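Okay, structure first, notes after.
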Number of protein chains: 2
Amino acid sequence: MTTTTSHSTASRSLSERIADAIADMIRTEGLAPGDPLHSARSLAAEFEVTVPTVREALRRLEAVEVIQFRHGSGTYVGGGVRRRLLANPHTGGDLASVLELVDARLLIEPGIAAAAAANRNDEQLAALEATTQNALVPQRGNERPREHFHVALAAASGNALVCDTLAALLDVRSRDQVEIRRRYHDRERDHEEHIEIFRAVSEQDAAAAAELTRTHLAAIRDTVITLGEELG
Amino acid sequence: MTTTTSHSTASRSLSERIADAIADMIRTEGLAPGDPLHSARSLAAEFEVTVPTVREALRRLEAVEVIQFRHGSGTYVGGGVRRRLLANPHTGGDLASVLELVDARLLIEPGIAAAAAANRNDEQLAALEATTQNALVPQRGNERPREHFHVALAAASGNALVCDTLAALLDVRSRDQVEIRRRYHDRERDHEEHIEIFRAVSEQDAAAAAELTRTHLAAIRDTVITLGEELG
DNA sequence: GGTCATCAAGTGATCTAGTCACTTGATGTG
DNA sequence: CACATCAAGTGACTAGATCACTTGATGACC
């Protein structure tokens, strides 16, 4: 229930402890993503430190998307408060790593699909169905990112941590992924396969859900390989 | 190969771009965890910004363990440079989330074990065997964290991203996990089960590796549930 | 009355210029 | 040779500014 934040040593830096305190504050006050935080100056006064110190703390939190800065406007709660797993925003990578990502998904997603089929409730099912439309309509640049079909599928497994895991995984090399999707992948086919998976989950057919997910990802994998060959 | 870091807008803050630049620098210069970075003052001079700005950038990187501060000593490369997935260090949670974690592992690790059995090479196998000893000897507080058996197992799958995923997962609520292990779990049994899984992987028996992993995690799950009941 | 430019207050972003606390390797003494 | 001492380098933090951006209120204009 309560946080076991005590990391003994007490040698943790002031800005680090303030970062924890702010994160705690967000949680205890029940703030949701988008809610405004006190200004950096106010926070500095509250914690009785100077502005640069509280800004270091905020930068820490920004890195994990717990908060979000908006220049001239304020500081807001970010989506990371609830996510327990994150994609590292500071990693480079090559095209080989895109293939590695698909392989990783191939390894874990079928099991997730099976669990979703076994455990899903009606609400999760409805949310999953809603996301099947996303494959058809390209994402607009300015609109808020929609929930991904595969994330909704993981959510239907009933385990929020599994959902976080898959979301983080999809966030890895996300730019390359959307690029591949946009330029080389068959949206129609994606959509159809999503529908089929949805149907299996709907009918609580775990084995079918797993198998359909496997073939679906295998198709994506082929696309990536083909792309790799084209680019040499 | 090359980074596609351009996030268009150019509205990204100076400290954010510097954080990227430092991460890039670490990668291009091939620095490994533990290697020293230039001092904050030097970096400030190199990037032609002031110290607080470069410190904000460094705090960002510290949050994802790409770098690490040592007061009075210097700034060093951290273990996060290579990790693509991370556990969010700023999340609270309760005991229910520990159970959720075990469930998540139960969902994805058997598949990983099977892949490890199918793809492992001799080097990975040797590394895996080495970690089987860890369950017996308690971790000393001051010693460097040892590689976890289950992480080594994921590494043997041949997919580094899968390995990162499992490592991040085990990092979630790690304090609770070690606490549970230390006080309630049967080390002997852990060790024996690890040995059995290792043997299955060694013999490239994918089905057995998956099943043994499942029962192993199920045992851990029972421990957590029992603990939950004891505490009410 | 409604639309739109203007403006001032609030906020984030960055700078400047320091002081204090800690680590570490060199120095020198016993 | 072992050990205390010390100075230089480094991170941690303070203090007080200035600039850039957003936003809601104001008020003029149509």
Side-chain angles (χ1 to χ4, degrees), chain A residues 7-23 25-26 31 33-78 80 89 142 144, chain B residues 7-23 25-26 31 33-78 80 89 142 144:
Chain A
H7 201 285
S8 59
T9 53
S11 66
R12 300 171 63 231
S13 75
L14 185 51
S15 68
E16 212 169 332
R17 285 179 321 226
I18 289 177
D20 276 347
I22 293 174
M25 177 189 290
I26 291 174
L31 299 182
D35 289 350
L37 249 59
H38 295 166
S39 74
R41 289 172 177 85
S42 306
L43 289 172
E46 288 174 39
F47 291 107
E48 297 181 303
V49 296
T50 54
V51 172
T53 302
V54 77
R55 278 186 63 82
E56 281 186 26
L58 290 170
R59 280 290 179 207
R60 257 191 83 95
L61 295 172
E62 188 206 21
V64 292
E65 287 178 72
V66 169
I67 65 131
Q68 183 187 350
F69 288 113
R70 284 187 224 161
H71 188 173
S73 174
T75 311
Y76 300 84
V77 177
N142 52 1
R144 197 192 53 170
Chain B
H7 202 286
S8 59
T9 52
S11 65
R12 300 170 63 231
S13 74
L14 185 51
S15 69
E16 212 169 332
R17 285 179 321 226
I18 289 176
D20 276 347
I22 293 174
M25 176 190 289
I26 291 173
L31 299 183
D35 289 349
L37 249 58
H38 296 165
S39 75
R41 289 171 177 84
S42 306
L43 289 171
E46 289 174 38
F47 290 107
E48 297 180 302
V49 296
T50 55
V51 172
T53 302
V54 77
R55 278 184 64 83
E56 281 187 25
L58 290 171
R59 281 290 177 205
R60 253 191 88 94
L61 296 172
E62 189 206 20
V64 292
E65 286 178 75
V66 169
I67 65 132
Q68 182 188 350
F69 288 112
R70 285 187 224 162
H71 188 174
S73 173
T75 311
Y76 300 84
V77 177
N142 52 2
R144 195 192 55 171

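Just so it is clear, the structure is predicted and the values come from calculations on it, not from any experiment. Below, chains carry the letters A, B, ... as their sequence lines are ordered, and counting in each starts from 1.
The stretch residues 36-47 of chain B touches DNA chain C through B:R41, each having a heavy atom under 4.0 angstrom from the strand. Shown for residues 54-63 of chain A: no residue has heavy atoms falling under 4.0 angstrom of DNA chain D.
Put simply, CZ on A:R41 and CZ on A:R55 are 9.5 Å apart, with the number rounded to the nearest 0.5 Å. Going from atom OG1 of B:T75 over to atom CG of B:D35 covers 13.0 Å, rounded to the nearest 0.5 Å. In this structure, CE in B:M25 is found 4.0 Å from CZ in B:F47, a value given to the nearest 0.5 Å. The distance from the CD1 atom of B:I22 to the CZ atom of B:R60 is 11.5 Å, given to the nearest 0.5 Å. To the nearest 0.5 Å, atoms OG1 (B:T53) and CD (B:E48) are separated by 13.0 Å.
For B:P89 against A:V64, the heavy-atom pair with the smallest separation is CD-CG1, 3.9 Å. Residues B:I67 and B:L58 approach most closely at CD1-O, 3.4 Å, considering heavy atoms. Between B:A19 and B:A57, the shortest heavy-atom distance links the atoms N-CB, 3.6 Å.
Residue side chain B:H71 does not reach the base of D:dA12 through any donor-acceptor N/O pair under 3.5 Å, judged by distance alone.
Contacts of B:T50 with the nucleic acid, taken as non-hydrogen atoms under 4.0 Å apart, include base atoms. If you check every strand for non-hydrogen atoms under 4.0 Å, A:V51 touches nothing.
A heavy-atom distance below 4.5 Å is not found between the side chains of A:L61 and A:I26.
Note that the first and last nucleotides of DNA chain C, 5' to 3', having any atom under 4.0 angstrom from a heavy atom of chain B are C:dT14 to C:dT24.
Atoms CZ (B:F69) and P (D:dT10) sit 14 Å apart, rounded to a whole Å.
Taking only side-chain nitrogens and oxygens, B:S73 never comes nearer than 4.0 Å to OP1 or OP2 of D:dG11.
For the pair A:R59 and A:E62, the salt-bridge criterion is met [side-chain N within less than 4.0 Å of a carboxylate O].
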Going through the checks in order, is the side-chain contact (heavy atoms from CB on, under 4.5 Å) test met by B:L31 and B:L37? CA-CA 9 Å; B:L31 299 183; B:L37 249 58; 4.1 Å; yes
